[in-house]
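First the structure, in the form of structure tokens, and then the observations on it.
Lettering of chains follows the sequences in order, A, B, ..., and the numbering in each one begins at 1. Values below: all heavy atoms of this structure, side chains included; hydrogens, waters and symmetry mates excluded.
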Amino acid sequence: MTAIQRPKGMQDVLPDDRRYWDWIIETGTAVAQQYGFQRLDVPIIEFTPLFARGMGEASDVFVQKEMYTIEEDDGESITLRPEFTAGLVRAYIENGLTNWPQPVKLFSIGPIFRRERPQAGRYRQHSQFDVEIMGETDPAADLEVMMIAMNLYRNLGYKGLTFQLNSTGCPVCKPVYIAKLKEYLADHLDKLAAIDQERMIRNPLRVLDSKEPGMDELLANAPHIVDHLCADCESHFANLRGLLDALEQSYTINFRLVRGIDYYTKTVFEVWAEGIGAQAAVCGGGRYDGLAEAIGGPSTPGVGFGSGIERIVLGLQEQGIEPPDTPQPQVLLAHFGGATKTAAVKLTYLLRDAGIGARLAFARERRSMKSQMREANKYAIRFVLILGESEVEKGVVTIRPLDGGEQVEILQTELITWLNEQLTMNN
RNA sequence: GCGGCUGUGGUGUAGGGGUUAACACGUCUGGUUGUGGCCCAGAAGAUCGUGGGUUCAAAUCCCACCAGUCGCCCCA
């Protein structure tokens with residue numbers, strides 16, 4: 001029998017990688033809070049219709065088969081969340097946040113699930129840092145979520161990021177544009193690959209995102225949505241750009257940036273990083289003024305983004321950026337079994353209660369000093385506290401500094417004071 | 001769902017038909033009685049991804065499957 005393995009597309013986050021996660025989550029939380037956002041967590045499972053609605057017919061079939069959906073005995077269909085936004089909007093409506101002072105600024109962190117074929121930077125379970133503003137149409141709200149993303153990456157020391165920006169219009173101007181795009185593509189049908197011909201029928205905007213060779217020129221000459229926005233969308237977009245310019249935040253207007261789902265309106269954006277494979281977007285988001293209504297709530301504008309933590313980690317590692325050191329105990333208690341062990345255990349917990357991190361050497365029987373010293377060395381311990389028979393008898397502890405300093409003997413009653421002095425030095 | 005590449009101790013690799021599968025790192029033990037790093041000595045740890053086939057003989061060649069990985073599709 002072979003040992004059971006983890007399911008496809010699921011990752012174990014080992015301590016070495018986990019350092020990055022903690023750092024990212026900590027940094028993201030700090031940035032969001034600095035902007036006045038509050039954390040709200042929603043369940044990992046929601047009723048399936050929450051995700052099915054609002055996505056639109058084009059993505060319906062394709063997207064839904066990539067969800068982890070469970071049909072329950074009582075006939076309810078539930079789904080492992082494939083995104084954050086729908087759940088947060090649901091919670092906003094269900095818990096009456098509609099009656100809080102508007103807008104409501106929220107963030108969340110956690111796993112999401114998509115049943116796709118894994119590749120670099122794309123896993124079936126991945127985690128997102130997610131930020132949303134509900135109940136605000138001001139382009140300054142769009143700016144705010146975008147800047148949270150940028151701030152996060154900057155605080156992490158990320159280099160070489162590009163802000164990709166586009167507007168996807170609204171229910172008024174988007175259909176008009178799609179018709180124009182379709183018309184143009186139909187005129188050049190012979191130049192389209194089979195896959196793009198399909199896309200043209202199913203979800204024409206996606207043709208803009210085509211990876212087929214030779215599409216650059218054809219698409220450059222195609223109608224671009226920013227030239228076909230209605231007055232409202234046009235001014236929203238101009239306004240947002242003006243604010244970005246005022247902050248001297250560089251960005252690229254990318255007319256090929258599209259989102260496949262119907263609920264997006266006006267602003268769409270991504271942040272791209274180099275060196276993490278074909279899935280270069282480290283962050284994707286936009287405005288979704290139609291979503292709340294689509295899931296049965298009051299019409300409420302919203303804007304937000306999700307940023308994949310695994311991809312941020314990949315990018316940081318690619319750039320050789322190290323997370324800050326995580327705190328480790330700086331003392332280890334060595335002993336020789338029997339009464340010395342009991343004394344060591346007691347002293348260990350005394351230190352821990354006093355807020356001093358301590359590692360206790362484990363040993364079922366008498367264990368050699370050498371072995372315990374080697375252990376201390378492996379974990380970058382600064383002081384080995386030795387409790388042997390003679391120390392226990394005298395009520396002292398021998399302190400062996402591992403940095404080459406002189407070995408000293410201290411009264412056990414003075415140990416905490418002594419350590420507090422030593423450990424604050426050089427730190 | 002489709003395609004490319006890859007599967008040898010914990011990790012990284014060598015071995016590309018012939019008896020006990022090699023090396024490095026890591027792990028553990030020891031180098032006198034209670035003292036680390038470096039060094040030295042030793043040990044543990046691999047059904048060579050799984051199953052079939054070819055052959056006197058397979059880690060090695062062939063097929064299938066599985067897993068990983070990269071890309072396509074899709075991307076909320």
Discussion item. Syn or anti for B:G16, given that syn means the glycosidic angle lies within 90° of 0?
Written reply: syn

Practice prompt. Determine the contact category for A:Glu375: base if any of its heavy atoms lies under 4.0 Å from a base atom, sugar-phosphate if only primed atoms, P, OP1 or OP2 are that close, otherwise nothing.
Written response: nothing

Item to complete: Quote, to the nearest angstrom, the P distance that separates B:G18 from B:G51.
Response: 22 Å

Worksheet item: Of the nucleotides B:U27, B:G34, B:C75, which has the atom closest to the A:Arg206 side chain?
Response: B:C75

Worksheet item: Is any side-chain nitrogen or oxygen of A:Gln119 closer than 4.0 Å to OP1 or OP2 of B:C70?
Response: no

Item to complete: Specify the separation, in whole Å, of atom CD1 of A:Ile112 and atom C1' of B:C75.
Response: 10 Å

Discussion item. Please report the distance, rounded to the nearest Å, between CD in A:Glu406 and P in B:U35.
Written reply: 18 Å

Practice prompt. With heavy atoms under 4.0 Å as the rule, sort A:Gly284 into base, sugar-phosphate or nothing.
Written response: nothing

Worksheet item: With under 30° as parallel and over 60° as perpendicular, where do the rings of A:Phe269 and A:Phe163 fit, or are they tilted in between?
Response: tilted

Fill in: Donor-acceptor pair, side chain of A:His188 and main chain of A:Tyr184, under 3.5 angstrom
yes

Discussion item. Within the 4.5 Å heavy-atom criterion, are A:Thr85 and A:Tyr263 side-chain neighbours or not?
Written reply: yes

Item to complete: Mark yes or no for a side-chain to base donor-acceptor pair under 3.5 Å between A:Ser368 and B:G34, with no hydrogen or angle criteria applied.
Response: no

Discussion item. Could you tell me how far B:U20 sits from B:C25 if I compare only their C1' atoms? Round to whole Å.
Written reply: 24 Å

Discussion item. Under 4.0 Å, counting only non-hydrogen atoms across every strand here, what does A:Arg366 touch: a base, just sugar-phosphate, or nothing?
Written reply: sugar-phosphate

Worksheet item: A:Met67 CE to B:C74 C1': how many Å, rounded?
Response: 14 Å

Worksheet, complete the sentence: With the side chain defined as heavy atoms from C-beta on, A:Arg117 is closest, among B:G3, B:C28, B:G34, to B:G3

Fill in: Note, A:Leu419 side chain near A:Leu385 side chain (heavy atom, < 4.5 Å)
yes

Practice prompt. Using a heavy-atom cut-off of under 4.0 Å over every strand shown, decide if A:Tyr264 touches base, sugar-phosphate, or nothing.
Written response: sugar-phosphate

Discussion item. What contact category does A:Arg199 fall into here, base, sugar-phosphate, or nothing, at under 4.0 angstrom with non-hydrogen atoms?
Written reply: sugar-phosphate

Discussion item. With a 3.5 Å cut-off and heavy atoms only, can you find an N or O donor on one side and an acceptor on the other between the side chain of A:Arg374 and the base of B:G31?
Written reply: yes

Worksheet entry | B:U55 versus B:C72 - spacing of their P atoms, nearest Å | 44 Å

Response to the item:
OG of A:Ser167 to CZ of A:Arg241, rounded to nearest 0.5 Å, is 10.0 Å

Worksheet entry | Nearest-angstrom distance, C1' atom, B:C61 to B:G15 | 16 Å

Discussion item. What's the gap between B:G42 and B:A22 when it is taken at their P atoms, as a whole Å value?
Written reply: 15 Å

Worksheet entry | Among B:U29, B:C73, B:G34, the nucleotide that comes nearest once only the side chain of A:Ser371 is considered | B:U29

Worksheet entry | Nearest-angstrom distance from the residue atom CE of A:Met369 to C1' of B:G37 | 14 Å

Discussion item. Tell me if the side-chain of A:Asn377 makes a donor-acceptor pair with the base of B:G36, cut-off 3.5 Å, by modelled atom types.
Written reply: yes

Worksheet item: So what does A:Ala278 touch, heavy atoms closer than 4.0 Å: a base, only the sugar-phosphate, or nothing?
Response: sugar-phosphate

Worksheet item: With a non-hydrogen cut-off below 4.0 angstrom, is A:Lys211 in contact with a base, only sugar-phosphate, or nothing?
Response: base

Discussion item. Are A:Leu415 and A:Ile399 packed together at the side-chain level, in the sense that at least one heavy-atom pair is separated by less than 4.5 angstrom?
Written reply: yes

Worksheet item: What is the distance from CD1 of A:Ile195 to P of B:G3, rounded to the nearest Å?
Response: 15 Å

Worksheet item: In whole angstrom, what separates A:Phe383's CZ from B:G36's P?
Response: 18 Å

Worksheet item: Which nucleotide, B:C75, B:A76, B:C70, lies nearest any side-chain atom of A:Tyr263?
Response: B:A76

Worksheet item: How are the rings of A:Tyr177 and A:His228 set to each other: parallel, tilted or perpendicular (split at 30° and 60°)?
Response: tilted

Discussion item. Is there, by distance only and without an angle test, a donor paired with an acceptor across the side chain of A:Arg114 and the base of B:C74 below 3.5 Å?
Written reply: no

Worksheet, complete the sentence: note: A:Asp12, atom CG; B:G10, atom C1'; distance rounded to Å ~ 14 Å

Discussion item. Quiz question: going by heavy-atom distance under 3.5 Å, is there a donor-acceptor pair between the base of B:U35 and the side chain of A:Gln372?
Written reply: no

Discussion item. Could you check, using the six-membered ring where one of them is a Trp, whether A:Trp418 and A:Phe383 have ring centers closer than 6.0 angstrom?
Written reply: yes

Worksheet item: Looking only at side-chain N and O atoms, does A:Lys370 come under 4.0 Å of OP1 or OP2 in B:C28?
Response: no

Item to complete: With RNA chain B as reference, determine whether A:Gln11 or A:Arg259 sits nearer its 5' end, using the nearest nucleotide of each.
Response: A:Gln11

Worksheet entry | P spacing across the pair B:C65 / B:G4, given as an integer number of angstrom | 12 Å

Fill in: 5′-ward residue of the pair A:Gln5/A:Arg122 relative to RNA chain B
A:Gln5

Item to complete: For B:U50 and B:C66, measure between their P atoms and round to the nearest Å.
Response: 15 Å

Worksheet item: When we call it a touch if two heavy atoms are under 4.0 Å apart, what does A:Ile386 touch: a base, just sugar-phosphate, or nothing?
Response: base

Fill in: Nucleotide of B:U35, B:A76, B:G34 approaching A:Ser390 most closely (side-chain heavy atoms)
B:G34

Worksheet item: When you measure from the centre of the six-membered ring of A:Tyr379, is the NZ or CZ of A:Arg359 under 6.0 Å away and within 45° of the axis?
Response: yes

Practice prompt. Treat a base pair as Watson-Crick or G-U wobble with both distances under 3.5 Å, then lay out RNA chain B in dot-bracket form, 5' to 3', with | for cross-strand pairs.
Written response: ((((((((.[[[[.)..(...]]]].(((((.......))))).....[[[[[..)....]]]]])))))))....

Fill in: Distance below 4.0 Å between A:Gln407 side-chain N/O and B:U35 OP1 or OP2
no

Worksheet item: Does a salt bridge link A:Asp196 with A:Lys211, judged by any charged N lying under 4.0 Å from a carboxylate O?
Response: no

Worksheet item: With a 4.5 Å limit on heavy-atom distance, are the side chains of A:Ile148 and A:Phe37 in contact?
Response: yes

Discussion item. If I take atom CG in residue A:Leu257 and atom C1' in nucleotide B:A76, what distance separates them, rounded to the nearest angstrom?
Written reply: 14 Å

Discussion item. For the P atoms, the ones on B:U60 and on B:G49, what distance do you get once it is rounded to whole angstrom?
Written reply: 8 Å

Discussion item. Check this for me: does the side-chain of A:Glu391 come within 3.5 Å of the base of B:G34 through a donor and an acceptor?
Written reply: yes

